[in-house]
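Presented below is the structure to which this report refers.
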Amino acid sequence: MEAGTSARATAAAMVLAGVLAGMAGCSSSRAEEDSAPRTSPSGSTSDPIDAAPAPAPRPTRYQPDPAEIDGAAKRAAARAVEALPDVRQVTYTQYFGYLPPAASILVEADLEDGGGTTYDVQISQAPGGWRVDSVTAAAPVPPLQDPGPLIRHVLSSDRITLPWAGRDDVAAGLVSDAVLRSMLEVAEQHRIGISVLISAHPVHVFGTDRRSNHPDGLAYDIGSIDGRLVVDPGAAGVVRQVMRIAAGTGASQVGGPDDLDDGGSQYFSDPTHSDHVHVGFNG
């Protein structure tokens with residue numbers, strides 16, 4: 001990430017040693033614990049005024065979609081974030097980069113005190129499975145005092161769902177107009193769930209020294225379309241539609257589960273983009 005850390009990033013660092021010890025050896029064969037919400041039993045009472053309020057259900061632990069190319073990698077990253085003291089629930093994961101024996105995983109989470117944020121979880125393969133090496137939270141960015149109409153349009157759209165950190169990126173005026181317009185154009189035909197814009201995304205394309213266009217506000221990723229995850233094989237048709245629509249908005253590169261031009265210059269596909277659509281623009 002770029003220079004600067006948030007209070008949440010500091011908290012993550014403080015507990016990381018314990019998290020790493022607990023996460024070493026995560027694998028797909030490991031039995032999952034607490035896979036369903038827990039509620040405490042409550043007895044009946046004749047006087048409801050004296051009854052203690054029932055405790056809130058424990059959030060369900062994150063489970064990767066069965067179609068994931070490596071559910072164990074995402075599970076390991078999610079468990080590391082779930083172990084942080086201020087995290088209530090992991091809601092989404094995505095590959096920032098997947099190049100075994102190493103990977104970078106986006107983890108979106110809701111926080112105990114309200115709101116939420118995005119984490120970059122770096123993992124590597126160990127004899128027993130995936131090991132968590134680092135957990136880095138998105139750094140906070142202040143909003144513009146007077147955002148322009150394009151920013152307000154994106155923030156108010158009921159057809160674009162933004163992650164917590166991504167909403168902050170837009171409100172801060174850090175996202176290019178080309179990206180904002182592209183999202184709005186795609187959303188005219190399909191409801192889209194944006195997974196990342198700038199905050200928490202690695203500065204370089206994973207495994208290379210090439211700068212990503214995300215940190216410069218020149219790209220966005222789509223994790224869900226019309227309420228279905230991109231990784232869902234049943235969504236393949238609509239995913240291809242959205243990739244073509246996004247390319248028509250002027251994007252210079254559109255990545256996803258399928259390479260729509262068979263090695264051409266505009267579309268691409270690889271394991272990293274098996275679970276999302278990447279839409280990037282030239283600066």
Can you give me the closest heavy-atom contact between [X] and [Y], atom names plus distance?
X: Pro215; Y: Val203; value: CG-CA, 3.6 Å
X: Ser274; Y: Pro257; value: O-CG, 3.7 Å
X: Met243; Y: Leu260; value: CB-CD1, 3.7 Å
X: Gly223; Y: His276; value: CA-CB, 4.5 Å
X: Tyr62; Y: Ala78; value: CD2-CB, 3.6 Å
X: Gly207; Y: Leu99; value: CA-CD1, 3.9 Å

Using distance only, find each side-chain donor-acceptor pair of residues 144-153 under 3.5 Å and give its atom names and separation, not counting sequence neighbours.
residue : atom : partner : partner atom : Å
Arg152  : NH1  : Pro147  : O            : 2.5

Is there a donor in the side chain of [X] and an acceptor in the side chain of [Y], or the other way round, less than 3.5 Å apart?
X: Asp169; Y: Ser199; result: yes
X: Thr91; Y: Glu108; result: no
X: Asp120; Y: Ser104; result: yes
X: Gln253; Y: Asn213; result: yes
X: Ser134; Y: Gln122; result: no

Following the transitive rule for hydrophobic clusters with a side-chain heavy-atom cut-off under 4.5 Å over Ile, Leu, Val, Met, Phe, Trp and Tyr, establish whether [X] and [Y] coincide in one cluster.
X: Val196; Y: Ile105; value: no
X: Leu174; Y: Leu218; value: no
X: Leu84; Y: Leu111; value: yes
X: Val141; Y: Leu197; value: yes
X: Val186; Y: Tyr267; value: yes

Practice item. Any chance you could lay out the salt bridge (charged side-chain N to carboxylate O under 4.0 Å, His left out) test for Lys74 and Asp65, step after step, and finish with the verdict? Key: CA-CA 10 Å; Lys74 289 195 169 185; Asp65 190 274; over 6 Å; no
Check your understanding: In Å and rounded to the nearest 0.5 Å, what is the CG to CE distance from Leu180 to Met183?
Key -> 5.0 Å
**Study point:** Verdict with reasoning, Ile192 to Thr161, per side-chain contact (heavy atoms from CB on, under 4.5 Å)
**Key:** CA-CA 6 Å; Ile192 53 175; Thr161 302; over 6 Å; no
Review point. Does a side-chain heavy-atom distance below 4.5 Å link Asp113 with Asp86?
Key: no
Check your understanding: Would a 4.5 Å heavy-atom cut-off, applied to side chains only, mark Val179 and Phe281 as touching?
Key -> yes
Check your understanding: Can you list the steps and then say if Asp221 with Gln94 is a side-chain contact (heavy atoms from CB on, under 4.5 Å)?
Key -> CA-CA 10 Å; Asp221 288 353; Gln94 176 183 297; 3.1 Å; yes
Practice item. Would you mind checking if Arg211 and Asp216 are paired as a salt bridge, meaning a charged N to carboxylate O distance below 4.0 Å? Key: yes
Point to revise | Stepwise side chain to side chain donor-acceptor pair (under 3.5 Å) test for Asp209 and His204 | key: CA-CA 6 Å; Asp209 58 1; His204 295 97; over 6 Å; no
Check your understanding: Where do His273 and Tyr95 land on the ring pair (Phe, Tyr, Trp, His ring centres under 6.0 Å) test, with the steps shown first?
Key -> CA-CA 7 Å; His273 295 84; Tyr95 298 115; 9.7 Å; no
